[in-house]
Novice: 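Encoded as structure tokens, here's the structure I'll be asking about.
Everything quoted here is computed from the prediction, not taken from an experiment. Computed over heavy atoms, backbone and side chain alike; hydrogens, waters and symmetry mates excluded.
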Amino acid sequence: MTKKIVVVGGGAAGMMAAISAAERGASVTLLEPNERLGKKLNITGKGRCNVTNNSNTEELLANVPRNGKFLYSAFSRFEGQDAMAFFEELGVPLKVERGKRVFPVSDRSFDVSGALERRLKKQKVILSRKRAVRLLIKDGAVRGVETEQGTLPADAVILATGGVSYPATGSTGDGHRLAAEAGHTVTPLQGSLVPLQEEEGGVCRDLQGLSLRNVGLTVFENNKKIETDFGELLFTHFGVSGPLVLSASAHMRYFGKKTYRLEIDLKPALDEGQLDKRLLSDFEKYANSDFCNALNDLLPQKLIPVMVARSGIPKHQKIHDVTREQRQGFGRLLKHFSINIAAPRPVEDAIVTSGGVKVSEIDPHTMESKCVKDLYFSGELIDVDAYTGGFNLQIAWATGRAAGFAAAENKE
């Protein structure tokens, strides 16, 4: 007998779950109230879509700081290379970039979502624009979904509604509510891969709009170094954002219990000795200038007043009067420009949600609920999240695949 499966949520995990269940012969209905499938998928990687990371299971797990072990089974059956093969088979040529990040050759996320949509149609998945309101549970097993426009009976239901980040893409938190109503524990939801807010009285507001490329960034937790990276960041009215900061935020998980500080290396290509030689050269060139007017070759205009103020060197002091100690101190400041972080921005500003359905209540092999028979979970709804680099989408593909296959199986 053909199994009837309802998948709630038409994002990355939901589309993969629906395709996988249909491939196993199930009759699948995909519920997605958004006018487009994969709305969040289409804005990932700045619209380029970082499809996955070309990594094996161990490498993938090393990039999942929250409940990574739970994903061992799903990843071992669907690694980065499996995801690549899947999409290339769907007609999406891929390329591998720095850090094993995988993108479509076209640099167009719509090619990825479009390929998934074509596959859904080929597998005869029924797309319904209804919103799920309630799960129908009888005798400890799910038996359908109640929508705003009536009831859909089902032999199995897969929840893949995403988290609560980026609400404009349809991330409403419905899945967490449905899971909680079914008896599941939902761990506290907060942002991961999120901009960061500076402590009161900082300098970021003065630097608002300034983008720094090719800088180093080190994260300190209670004055202990926990992460170092290299790339691009942006100063905002509240603090800092940009790719480097979003990546760093995933390592900062204990706000309220621990303190966090960022240190920016403005000249990562030079060690302190090389930088001092560079400063000597610049200072000779501007020997008769005021200190505040001698830094144009070294720093963006917007950053100069802040650096001068932090250096403690009087801004109108002549360069030829700057002492060796002052110059070397300024060099250290260039290598260690610090920002004290008060908090992450709200979860609505985050790329992914940290927290979700408790993993101990889900079978890691099948993604089936341990509380309600025939109920499955996939993607960001689950309490797992990863660093940037295609790892979060890989979680969506692997858990969607596992849930789809398991839900479609006819149990004895």
Novice: May I ask you to check if Arg345 and Phe238 form a cation-pi contact, with NZ or CZ under 6.0 angstrom from the six-membered ring centre and within 45° of the axis?
Specialist: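 Flagged: Arg345 positioned over aromatic ring of Phe238.
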Novice: To the nearest 0.5 Å, what is the distance between OG1 (Thr151) and CD (Glu146)?
Specialist: 5.0 Å
Novice: For Val194 and Pro346, work out which heavy atoms get closest and say how close.
Specialist: CG2-O, 4.0 Å
Novice: Is Leu262 close to Ile341 at the side-chain level, that is, under 4.5 Å between some pair of heavy atoms?
Specialist: yes
Novice: Are more than 12 heavy atoms from other residues, nucleotides or ligands located less than 6.0 Å from atom NZ of Lys358?
Specialist: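 No, NZ of Lys358 has 12 or fewer neighbouring heavy atoms, counting only those of other groups under 6.0 Å.
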Novice: Thinking salt bridges, do Arg108 and Asp111 make one under a 4.0 Å N-O criterion?
Specialist: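 Yes, charged N to carboxylate O under 4.0 Å.
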Novice: Tell me every residue that passes salt bridge (charged side-chain N to carboxylate O under 4.0 Å, His left out) with Glu361, counting only those two or more places apart in sequence or in another chain.
Specialist: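 Scan of Glu361 (salt bridge (charged side-chain N to carboxylate O under 4.0 Å, His left out), adjacent residues dropped) gives none.
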Novice: Do Met367 and Ile382 make a side-chain contact, defined as non-hydrogen atoms from C-beta onward lying under 4.5 Å apart?
Specialist: yes
Novice: Is the shortest side-chain heavy-atom distance between Val186 and Leu189 below 4.5 Å?
Specialist: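 SC-SC contact between Val186 and Leu189 confirmed.
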Novice: Show the nearest heavy-atom pair for residues Leu246 and Pro195, with the distance to one decimal.
Specialist: CD2-N, 3.5 Å
Novice: Closest approach of Ala115 and Val92, non-hydrogen atoms and distance?
Specialist: CB-CG2, 3.5 Å
Novice: Considering only NZ, NE, NH1 and NH2 on the basic side and carboxylate oxygens on the acidic side, decide whether Glu409 and Lys3 come within less than 4.0 Å.
Specialist: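 Salt bridge between Glu409 and Lys3, a charged N being under 4.0 Å from a carboxylate O: no.
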Novice: Give a yes or no on whether a salt bridge exists between Arg48 and Asp107, defined as a side-chain N under 4.0 angstrom from a carboxylate O.
Specialist: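 The answer is yes: the pair qualifies as a salt bridge.
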Novice: Tell me the closest heavy-atom pair linking Gly331 and Leu275, and the distance in Å.
Specialist: O-CD2, 3.4 Å
Novice: Regarding Arg36 and Glu32, does a basic nitrogen lie under 4.0 Å from an acidic carboxylate oxygen?
Specialist: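 Here Arg36 does not pair with Glu32 in a salt bridge, since their nearest N and O are not under 4.0 Å apart.
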Novice: Would you indicate whether Arg129, at its atom CZ, is surrounded by more than 12 heavy atoms from other residues, nucleotides or ligands within a distance under 6.0 Å?
Specialist: yes
Novice: Could you tell me whether the side chain of Ser27 and the main chain of Lys4 form a donor-acceptor pair under 3.5 Å?
Specialist: no
Novice: Salt bridge between Lys373 and Glu368, side-chain N to carboxylate O under 4.0 Å?
Specialist: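 Salt bridge absent between Lys373 and Glu368.
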Novice: Find out whether Arg101 and Val96 are in side-chain contact, i.e. whether some heavy atom of one side chain is under 4.5 Å from a heavy atom of the other.
Specialist: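 Answer no - side chains too far apart.
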Novice: Ile5 versus Tyr376: any side-chain heavy-atom pair under 4.5 Å?
Specialist: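 No; the side chains remain at least 4.5 Å from each other.
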Novice: Show the nearest heavy-atom pair for residues Pro268 and Val215, with the distance to one decimal.
Specialist: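 Pro268 and Val215 have their closest heavy atoms at CG-CA, 4.0 Å.
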Novice: Taking the six-membered ring for Trp and the single ring otherwise, decide whether the centroids of Tyr260 and Phe255 are under 6.0 Å apart.
Specialist: yes
Novice: Between Cys371 and His184, which heavy-atom pair has the shortest distance, and what is it?
Specialist: SG-CE1, 3.6 Å
Novice: Any side-chain donor-acceptor pair under 3.5 Å between His336 and Glu263?
Specialist: yes
Novice: List for me each residue that meets salt bridge (charged side-chain N to carboxylate O under 4.0 Å, His left out) alongside Lys335, sequence neighbours excluded, and say none if there are none.
Specialist: Asp265
Novice: Any Lys/Arg nitrogen of Asp385 or Arg253 sitting under 4.0 Å from an Asp/Glu carboxylate oxygen of the other?
Specialist: yes
Novice: Hey, does the Lys NZ or Arg CZ of Lys258 hover above the aromatic six-ring of Tyr254, less than 6.0 Å from the centre and inside 45° of the axis?
Specialist: yes
Novice: Less than 4.0 Å between a side-chain N and a carboxylate O, is that true for Glu198 and Arg261?
Specialist: no
Novice: Could you pull out all residues at least two apart from Asp290 that satisfy side chain to side chain contact (heavy atoms under 4.5 Å, CB included)?
Specialist: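 For Asp290 the side chain to side chain contact (heavy atoms under 4.5 Å, CB included) partners, ignoring immediate neighbours, are Cys292, Asn293, His316, Lys318.
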Novice: Taking Lys370 first and then Asp363, would you say they form a salt bridge - that is, a charged N and a carboxylate O separated by under 4.0 Å?
Specialist: no
Novice: Should we count CD of Glu35 as having more than 12 external heavy atoms under 6.0 Å?
Specialist: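 Correct, the count exceeds 12.
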Novice: When you measure from the centre of the six-membered ring of Phe283, is the NZ or CZ of Arg327 closer than 6.0 Å and no more than 45° off the axis?
Specialist: no
Novice: Does a donor on one side chain and an acceptor on the other come within less than 3.5 Å for Asp297 and Tyr286?
Specialist: yes
Novice: Thinking salt bridges, do Arg119 and Glu117 make one under a 4.0 Å N-O criterion?
Specialist: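 No, Arg119 and Glu117 are not salt-bridged.
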Novice: Under 4.0 Å between a Lys/Arg side-chain N and an Asp/Glu carboxylate O for Arg77 and Asp82?
Specialist: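 Looking at Arg77 and Asp82, the cut-off is not met.
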Novice: May I ask you to test the Thr147-Arg134 pair for a side-chain heavy-atom distance under 4.5 Å?
Specialist: no
Novice: With heavy-atom distances below 4.5 Å as the criterion, would you say the side chains of Met252 and Val219 are in contact?
Specialist: yes
Novice: Please determine whether the number of non-hydrogen atoms from other residues, nucleotides or ligands lying under 6.0 Å from atom CD of Gln81 exceeds 12.
Specialist: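 For Gln81, atom CD is not crowded (no more than 12 foreign heavy atoms under 6.0 Å).
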Novice: Is it true that a side-chain atom of Asn53 and a backbone atom of Gly99 form a donor plus acceptor pair closer than 3.5 Å?
Specialist: yes
Novice: Does the Asn50 side chain pair with the main chain of Thr52, one donor and one acceptor, at a distance under 3.5 Å?
Specialist: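 Flag set: sc Asn50 to bb Thr52 pair under 3.5 Å.
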Novice: Are Phe75 and Trp397 an aromatic pair, judged by ring center distance below 6.0 Å?
Specialist: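 They do not qualify: ring centres at least 6.0 Å apart.
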Novice: Assess the side chains of Thr57 and Glu79: does a donor N or O sit below 3.5 Å from an acceptor N or O?
Specialist: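 Yes, because at least one side-chain N or O of Thr57 sits under 3.5 Å from a partner of the opposite role on Glu79.
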Novice: So for atom NZ, which belongs to Lys95, do other residues, nucleotides or ligands contribute more than 12 heavy atoms lying within a distance under 6.0 Å?
Specialist: yes
Novice: Is the closest basic N to carboxylate O distance between Lys302 and Asp206 below 4.0 Å?
Specialist: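 No, Lys302 and Asp206 are not salt-bridged.
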Novice: Counting C-beta onward and ignoring hydrogens, is there a side-chain heavy-atom pair between Arg131 and Asp174 closer than 4.5 Å?
Specialist: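 A side-chain contact under 4.5 Å exists here.
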